[in-house]
J.: 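One structure follows; several queries about it will come next.
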Amino acid sequence: SSNGRREPTLNTDVDDPSHPLYHHRRIVTDFDYGEILGEGSYSTVLIGRDKRTGKQYAIKRLDKAHIVKNNKVKYVMIERDALSRMNHPGIVKLYWTYKDNRSLYFVLDLARNGELYTYIRRLAPFDLETAKFYAAEILLSIEHIHNRGVIHRDIKPENILLDDNSHIKITDFGSAKIINENEKAASNAGDGGNTAAPARSFVGTAEYVSPELLRSDVVSEEADLWALGCVIYQMLSGKSPFKAATDYLIFQKIKNLEYTMPDEFPPAAKDIVERLLASEPEKRLGSAATGGINAIKEHPFFEGIDWEHIFTSTAPPLRERL
Ligand SMILES: C[C@@H](Nc1nc2c(c3cc(-c4cn[nH]c4)ccc13)C(=O)N=C/C2=C\CC1CC1)C(C)(C)C
């Protein structure tokens with residue numbers, strides 16, 4: 001089988017009484033709705049409580065009219081398809097979807113400790129062990145996303161949530177790209193230049209955008225590894241590597257690879273960040289040419305990480321609990 005079984009996409013005829021999951025479906029009145037956790041451009045994420053079980057979830061509510069008016073239906077379907085393929089502790093799980101006459105609802109894991117961004121802003125620079133731990137969990141989650149034929153394309157501290165035990169949950173697949181089988185095969189056949197449609201229309205968050213996207217080259221999995229490099233840099237320095245007053249100036253810095261390592265930057269981390277922040281995706285640590293994701297796992301920066309058990313281990317104390 002190909003790497004990562006193709007999970008069935010979320011099957012809507014769960015509303016059909018003959019569907020095996022018919023009795024598991026949910027409707028809007030099954031939940032009490034609580035505080036708003038975050039606002040996306042086309043969505044609101046709020047706390048939902050399942051009236052039957054009392055369990056709390058994050059509920060992403062999308063306004064149907066708004067989505068249709070702004071031609072975002074495709075992105076909503078991609079997000080739902082991408083989320084439905086995921087089955088990993090480091091990625092928010094999608095439990096059900098339902099709709100009413102105004103909105104679409106996604107019911108997902110609630111990550112009670114919020115965004116990694118909040119911790120970086122208040123506590124960075126992290127000590128090396130803490131940065132190593134979170135970098136390892138992010139890497140394993142990115143590996144799973146890629147194995148399920150998805151490129152996230154918007155990995156950043158705001159989309160890396162922390163659960164009750166301060167383990168990560170990657171979220172927001174609204175910018176994801178799904179590599180369908182024949183595209184993957186073709187790009188493996190080496191003519192990736194023209195089959196993997198270069199994602200020109202989309203741009204993630206300026207500070208984490210990969211140089212290949214700015215050159216409007218083909219964007220592949222390596223774009224998520226570039227973003228990982230930015231996040232490691234940010235955990236260990238407190239700021240993202242390519243900062244500037246405007247997006248245009250940020251893009252210039254990225255294209256010219258204009259970033260500096262602060263003096264106090266831990267040497268063990270300097271090398272891996274430099275190898276992840278490689279302009280050419282093929283030369284980037286973790287690309288197929290450099291040995292894939294295993295080449296990252298084997299880097300000395302990750303010395304001592306127990307890859308098999310990290311998600312069930314005790315997360316390092318993030319000094320001050322928010
Ligand atoms: C990134 C997103 N923000 C958020 N999205 C989700 C959260 C979430 C939780 C807190 C939080 C929890 N405690 N304190 C803050 C703050 C922001 C959150 C969650 O728990 N579970 C699933 C989520 C999203 C699922 C989505 C893939 C469909 C934006 C800003 C777009 C609304």
Side-chain angles (χ1 to χ4, degrees), residues 7 9-10 26 31-50 55-64 66-67 70 72-99 103-123 134 137-138 141-142 144-145 148 150-178 202-208 224 227 231 234 311 315 318 320-322:
E7 299 285 335
T9 52
L10 215 74
R26 286 289 192 278
F31 297 88
D32 288 320
Y33 298 90
E35 70 169 290
I36 288 182
L37 295 169
E39 305 269 357
S41 24
Y42 295 92
S43 64
T44 301
V45 175
L46 57 167
I47 290 194
R49 186 184 158 282
D50 183 336
K55 191 165 183 282
Q56 292 193 322
Y57 296 91
I59 298 190
K60 178 168 185 167
R61 182 181 61 206
L62 301 110
D63 181 275
K64 283 196 275 192
H66 191 52
I67 291 166
N70 293 276
K72 295 295 173 189
V73 175
K74 185 183 82 163
Y75 294 96
V76 172
M77 292 304 130
I78 289 173
E79 178 167 39
R80 203 176 73 168
D81 186 2
L83 283 165
S84 315
R85 294 175 177 214
M86 303 298 144
N87 178 20
H88 191 273
I91 301 163
V92 285
K93 182 173 163 47
L94 174 65
Y95 294 93
W96 308 283
T97 65
Y98 51 83
K99 48 183 177 276
S103 308
L104 291 175
Y105 301 82
F106 291 6
V107 181
L108 303 115
D109 277 323
L110 173 62
R112 278 179 221 283
N113 278 311
E115 302 170 9
L116 176 64
Y117 174 72
T118 311
Y119 292 88
I120 290 179
R121 204 184 51 217
R122 291 195 187 178
L123 301 173
Y134 284 109
E137 291 207 337
I138 298 165
S141 308
I142 288 175
H144 180 80
I145 292 169
R148 294 298 165 101
V150 176
I151 309 172
H152 186 283
R153 298 198 307 183
D154 201 13
I155 299 283
K156 58 179 180 178
E158 295 89 326
N159 288 341
I160 299 165
L161 305 173
L162 299 182
D163 67 12
D164 304 25
N165 303 314
S166 295
H167 287 278
I168 70 157
K169 292 262 181 224
I170 290 187
T171 188
D172 201 352
F173 284 72
S175 318
K177 186 167 185 288
I178 294 180
F202 159 78
V203 173
T205 306
E207 286 174 53
Y208 305 89
D224 289 338
V231 174
Q234 195 169 349
F311 276 97
L318 278 163
E320 157 213 347
R321 278 260 174 271
L322 289 178

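If you read the sequence from its start, that first residue is 1, and numbering goes on from there. In each ligand, atom 1 is the first atom listed, and ligand 1 is the first ligand listed.
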J.: Do the side chains of Asp32 and Arg49 get close enough for a salt bridge, i.e. N-O under 4.0 angstrom?
T.: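 A salt bridge is present here (some side-chain N lies under 4.0 Å from a carboxylate O).
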J.: As an exercise, identify every atom of ligand 1 less than 4.0 angstrom from a heavy atom of Glu79.
T.: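 Listed by number with element, the hits are 27 (C), 28 (C).
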J.: Nearest protein heavy atom to atom 14 (N) of ligand 1, by residue and atom, and its distance?
T.: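 For atom 14 (N) of ligand 1, the nearest protein heavy atom is Gly114 CA, 3.8 Å.
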J.: Do me a favour and list the nearest non-hydrogen protein atom to atom 2 (C) of ligand 1 with residue, atom name and distance?
T.: Val45 CG2, 4.5 Å
J.: How are the rings of Trp96 and Phe31 set relative to one another: parallel (under 30°), tilted (30 to 60°) or perpendicular (over 60°)?
T.: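 If you compare the ring of Trp96 with that of Phe31, the planes turn out tilted.
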J.: Between ligand 1 and Arg112, is the shortest N or O to N or O distance under 3.5 Å?
T.: yes
J.: Mind checking whether Lys169 contacts ligand 1 via backbone (N, CA, C, O), side chain (CB onward), both or neither, at a 4.0 Å heavy-atom cut-off?
T.: neither
J.: Quick test: of every protein heavy atom, which one is nearest to atom 31 (C) of ligand 1, and how far off is it to 0.1 Å?
T.: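 Here the nearest protein heavy atom works out to Asp172 OD2, 3.8 Å.
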J.: For Glu158 and Tyr117, work out which heavy atoms get closest and say how close.
T.: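 What the structure gives for the nearest pair is N-CB, 3.8 Å.
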J.: Could you tell me whether Arg26 and Asp50 make a salt bridge, using a distance below 4.0 angstrom between a side-chain N and a carboxylate O?
T.: yes
J.: Give the numbers and elements of all ligand 1 atoms closer than 4.0 Å to a heavy atom of Gly38.
T.: 32 (C)
J.: Looking at Glu39, which atoms of ligand 1 are within less than 4.0 Å of one of its heavy atoms?
T.: 30 (C), 32 (C)
J.: Mind checking the CG-CG spacing from Leu116 to Leu161? Nearest 0.5 Å is all I need.
T.: 9.0 Å
J.: When you measure from the centre of the six-membered ring of Tyr57, is the NZ or CZ of Lys93 closer than 6.0 Å and no more than 45° off the axis?
T.: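 Cation-pi check for Lys93 and Tyr57: fails.
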J.: I would like to know whether Phe311 and Ser141 meet side-chain contact (heavy atoms from CB on, under 4.5 Å); could you show each step before the answer?
T.: CA-CA 10 Å; Phe311 276 97; Ser141 308; 3.7 Å; yes
J.: Kindly indicate whether atom 25 (C) of ligand 1 is approached by any protein heavy atom to under 4.0 angstrom.
T.: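 Under 4.0 Å from atom 25 (C) of ligand 1, at least one protein heavy atom found.
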J.: Does any donor atom in the side chain of Tyr42 or Glu79 lie under 3.5 Å from an acceptor atom in the other side chain?
T.: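 No, no side-chain donor-acceptor pair sits under 3.5 Å.
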J.: Record the part of Ala111 in heavy-atom contact with ligand 1 below 4.0 Å; permitted values are side chain, backbone, both and neither.
T.: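 Both of them.
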J.: Contact between Ile178 and Asp81 at the side-chain level, heavy atoms closer than 4.5 Å - yes or no?
T.: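 Counting from C-beta outward, Ile178 and Asp81 do come under 4.5 Å.
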J.: With a 3.5 Å distance limit and no angle check, can you tell me whether Asp154 reaches the backbone of Ser175 through a side-chain donor-acceptor pair?
T.: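 No: the side chain of Asp154 does not pair with the backbone of Ser175.
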J.: Identify, by atom number and element, the atoms of ligand 1 in contact range of Leu110, meaning under 4.0 Å from any of its heavy atoms.
T.: 20 (O)
J.: Counting each atom of ligand 1 from 1 as listed, which ones have a heavy atom of Ala58 under 4.0 Å away?
T.: 19 (C), 20 (O), 21 (N), 22 (C)
J.: Tell me which one of Leu162, Leu37, Asp109 gets a heavy atom nearest to atom 21 (N) of ligand 1.
T.: Asp109
J.: Which is closest to atom 23 (C) of ligand 1 by heavy-atom distance: Leu83, Thr171, Asn159?
T.: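 Among Leu83, Thr171, Asn159, the closest heavy atom to atom 23 (C) of ligand 1 belongs to Thr171.
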J.: Any idea which protein heavy atom is nearest atom 18 (C) of ligand 1, and the distance to it?
T.: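 For this ligand atom, the closest protein heavy atom is Leu161 CD2, 4.0 Å.
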